[in-house]
S.K.: 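Input: one structure, supplied below.
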Amino acid sequence: GTADGLVPDLGFMADDPGEIRDRLADKAGQPIGPLLHHDLPTLSPGSPIVEALFLLHKHRHPLAVVDPDRRLVGLMTHWEALAALQSRPR
C-alpha cells in the first residue's frame, strides 16, 4: 500500500508534510499492538459520571466501557462526559 492521499492537511504540525508522508509509508504495515495502553482503568455502563470524569482527567485517554463479562460495549471520552454535564432534562 501507499500513503499517497492518506495524509490530510497537517499544517498544525511542525514537521514537513513530505517527512510525515515518508514516515507513514515506512510504518504503514506496523501492527498497533505495541502502541496500546494496557494499564488504563475501565468503566462499566453503570459507572457514575463523576468517576468517569475523574479517570478521564487522570489518565488523559478515552476509557473502555465493558460489561460484566469484560466485553467492550463502548468508549467514554472527555467530550461525551462533558456533553452529559451540559444536558438538561426536559
Side-chain angles (χ1 to χ4, degrees):
T2 178
D4 292 340
L6 292 178
V7 180
D9 178 14
L10 299 173
F12 66 92
M13 296 183 72
D15 295 337
D16 174 79
E19 292 172 2
I20 295 169
R21 195 172 18 258
D22 292 344
R23 281 198 304 265
L24 179 59
D26 289 343
K27 296 188 182 280
Q30 178 180 341
I32 63 167
L35 306 174
L36 300 178
H37 294 274
H38 297 282
D39 57 348
L40 292 173
T42 58
L43 299 166
S44 71
S47 295
I49 192 72
V50 172
E51 177 185 358
L53 284 166
F54 171 77
L55 291 171
L56 288 164
H57 177 74
K58 181 178 179 183
H59 295 281
R60 307 278 190 213
H61 287 280
L63 299 174
V65 180
V66 297
D67 69 13
D69 295 322
R70 307 280 301 157
R71 288 184 298 231
L72 181 68
V73 295
L75 291 175
M76 175 59 70
T77 69
H78 283 92
W79 295 114
E80 282 89 11
L82 292 174
L85 289 179
Q86 291 182 344
S87 298
R88 293 192 176 137
R90 296 179 187 201

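Just the heavy atoms: all of them, side chains too, but no hydrogens, waters or symmetry mates, feed the values below. Small disclaimer: the values here were computed from a predicted structure and weren't measured.
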S.K.: For a quick test of reading the model, state the closest non-hydrogen atom pair linking A64 to L72 and the distance between them.
M.R.: CB-CD1, 3.8 Å
S.K.: Hydrophobic clustering (ILVMFWY, side-chain heavy atoms < 4.5 Å, transitive) - are V66 and F54 grouped together?
M.R.: no
S.K.: Search all heavy atoms of H37 against all heavy atoms of H61 and return the closest pair with its distance.
M.R.: NE2-CE1, 3.3 Å
S.K.: Can you give me every donor-acceptor pair (side chain of residues 40-53, partner residue at least two apart or in another chain, under 3.5 Å) with its distance?
M.R.:
from, atom 1, to, atom 2, distance (Å)
T42, OG1, R70, NH1, 3.1
S44, OG, G46, N, 3.4
S44, OG, S47, N, 3.4
S44, OG, S47, OG, 3.3
S47, OG, S44, N, 2.9
S47, OG, S44, O, 3.1

S.K.: Determine whether L82 and L56 fall in the same hydrophobic cluster, where Ile, Leu, Val, Met, Phe, Trp and Tyr are linked whenever their side-chain heavy atoms lie under 4.5 Å apart.
M.R.: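 Per the 4.5 Å side-chain linkage, L82 and L56 are not co-clustered.
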S.K.: With R71, which residues qualify under salt bridge (charged side-chain N to carboxylate O under 4.0 Å, His left out), at least two apart?
M.R.: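 Once residues adjacent in sequence are excluded, the partners of R71 under the salt bridge (charged side-chain N to carboxylate O under 4.0 Å, His left out) criterion are D67, D69.
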S.K.: Under the side-chain hydrogen bond (donor to acceptor under 3.5 Å, both in side chains) test, which residues partner H38, sequence neighbours left out?
M.R.: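 H38 satisfies side-chain hydrogen bond (donor to acceptor under 3.5 Å, both in side chains) with no other residue.
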